Protein chains: 2
Amino acid sequence: MTPTELTASVAVAGEGRRSRARRGEGGRLREDILAAAEELLLKSGDADSLSIRAIANAVGVTPPSIYLHFADRNELVFEVCDRKWRELASLLDAAVAGLSDPLERIERRGRAYAEFGITHPEHYRVLLGGRADEIPEKHADQALLTDRLGFGPLVADLTEAMDGGQLARSDPWELCRVLFFAIHGLTSMLVRGSGPDWPSPERLVERMIDTLMWGIRPRPA
Amino acid sequence: MTPTELTASVAVAGEGRRSRARRGEGGRLREDILAAAEELLLKSGDADSLSIRAIANAVGVTPPSIYLHFADRNELVFEVCDRKWRELASLLDAAVAGLSDPLERIERRGRAYAEFGITHPEHYRVLLGGRADEIPEKHADQALLTDRLGFGPLVADLTEAMDGGQLARSDPWELCRVLFFAIHGLTSMLVRGSGPDWPSPERLVERMIDTLMWGIRPRPA
DNA sequence: TGTACATCAGTGAACGCGCGTTCACTGATGTAC
DNA sequence: TGTACATCAGTGAACGCGCGTTCACTGATGTAC
């Protein structure tokens, strides 16, 4: 088998040719494309593998069909990321549901965030591990942090804690970013894969959260 | 001018054809290649732009010549990164030269690290911003942290501070990683580019360092 | 109830691109006799 | 001192690859008369 033949047969494989949608149900393909893209991401963990061709093949459709539903590759990748961001955001919300102590809520959010990365490294890498310029502009700026990460709730908790005297008074947005950066650094390194003699991810998460929570407490005059 | 002609003329541009090295001075080209690669990195800030062809063009040489000095692209990129890591390591050492208080040394290292990222965002992105798999295996594991980042000195300072009672006793390697992760998270986000209404990088750096330094102090029983 | 027709969901082939890498070569440089 | 020769530093053309995207098309599906 020549390399060319091999490639051809692989291209034919995928999921087999997909049956054409009924009239008016063209939108179904859009969903299937996004689902296939996410699956590809899971297998490879690399946004570069989200090629139009690979996705089309996985869905069982030809590349041009993608353009019936997305203007270009950028838009497709953006949509995939957008969904993941929302998923993460609601996961964070779920993690603090029912908790009323703001400090505890802050802590839980951090923990849940790191755990999302640890359990979905491929997705995390796509969300924040890549180059910024491969993400459409909408993602590149502040909107990323406020809209996507849902910083609002965290800032609210920080403010509440400050009001209650559990935290030294300061700019909550600034503090919010610092906390996020720290947790993101931890997560992104864990997602990169830890070395053989590293402490367990759990230990590192605990230690980071512990350090941060102490670091932001009110200080003796 | 057709696109093809344009490409051709651009290819001819670069730095002009380079004169051939004298007998025995073939190694000169190796240096020039690395220098050109670094320059390309500065312009684009993206390891993907380190293509064999782009580098060859910048040096004023044809692509195959690169292979006289590097086995493949991976080796070249590795060497470029390796040099940057050493640069950063010695920069960190310089930042604490003459300081004897271990806590102060720890703080200064963190600050210097973040500043390196802020002033050399393109380089930082190449060192830690990319995908792990684009970096040769040597870089991917623990060796990265110990050899490249020179964690030894930081661990030494942490240990000294623990011995002096300035820090609660704990595994210094674990703490070392946590501190690095936090500073890395900060740096990598700043390097990504900050949004319009962000606090200044300097403020964020101060705040992060301040939080961490408080977080690791001994705690009241 | 039957048929012409517009619409819709795709297809197939091709475009030009830049890439890493290989291969057979060239021609200047230095060295041995 | 002159010349044949080995070596060394490169060149030029080509390889096959996968990519995003475009374009003219096809053929099933539903609808209007």
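Computed from heavy atoms alone, side chains included, the values below leave out hydrogens, waters and symmetry copies. What you see is a predicted model; the values in this text were computed from it and never measured. Protein chains get the first letters and strands the later ones, always in sequence-line order, with residue 1 at the start of each.
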Separation of atom CG in N57(B) from atom P in dG18(C), rounded to whole Å
12 Å
Taking any strand in view, what nucleotide pairs with dG16(C) in a Watson-Crick or G-U wobble way, both distances under 3.5 Å?
dC19(D)
Rounded to whole Å, please give me the gap between OH in Y67(B) and C1' in dC19(C).
9 Å
salt_bridge(R109(A), D157(A)) N-O dist < 4.0 Å:
yes
Between dG18(C) atom P and L50(B) atom CG, what is the distance in whole Å?
17 Å
pair_partner(dC25(C)), Watson-Crick or wobble, both distances < 3.5 Å, evaluates to dG10(D)
Hey, which of these two, P64(B) or R22(B), hits DNA chain D nearer its 5' end, going by closest nucleotide?
R22(B)
Counterpart base for dC33(C), defined by Watson-Crick or G-U wobble contacts under 3.5 Å:
dG2(D)
Send over the distance from R28(A) CZ to dT29(D) P, rounded to a whole Å.
12 Å
Starting from P on dC19(C), measure out to CD1 on I66(B) and report it in whole angstrom.
12 Å
Between D171(B) and R203(A), does at least one N-O distance fall below 4.0 Å, as a salt bridge requires?
no
Would you say the side chain of R20(A) and the base of dA28(D) hold a donor-acceptor pair, judged only by whether the two atoms sit under 3.5 Å apart?
no
Round to the nearest Å and state the distance from L68(A) atom CG to dT26(D) atom P.
17 Å
Salt bridge present between E174(B) and R177(B) (N-O < 4.0 angstrom)
no
In whole Å, I'd like the distance from the CZ atom of R53(B) to the P atom of dT11(D).
14 Å
Charged N-O contact under 4.0 Å between E107(A) and R111(A):
yes
Length of the line joining I55(A):CD1 and dT21(D):C1', which is rounded to integer Å:
14 Å
Within the 4.0 Å heavy-atom criterion, would you say S65(A) contacts the bases, only the backbone, or no part of the nucleic acid?
base
Between R73(A) and I66(A), is the side chain to side chain contact (heavy atoms under 4.5 Å, CB included) condition met? List the steps.
CA-CA 9 Å; R73(A) 194 189 102 100; I66(A) 306 280; over 6 Å; no
Phosphate OP1/OP2 of dC19(D) contacted by S51(A) side-chain N/O (<4.0 Å):
yes
Counting heavy atoms from C-beta on, name the nucleotide in dG10(D), dG12(C), dG20(C) closest to the side chain of V61(B).
dG10(D)
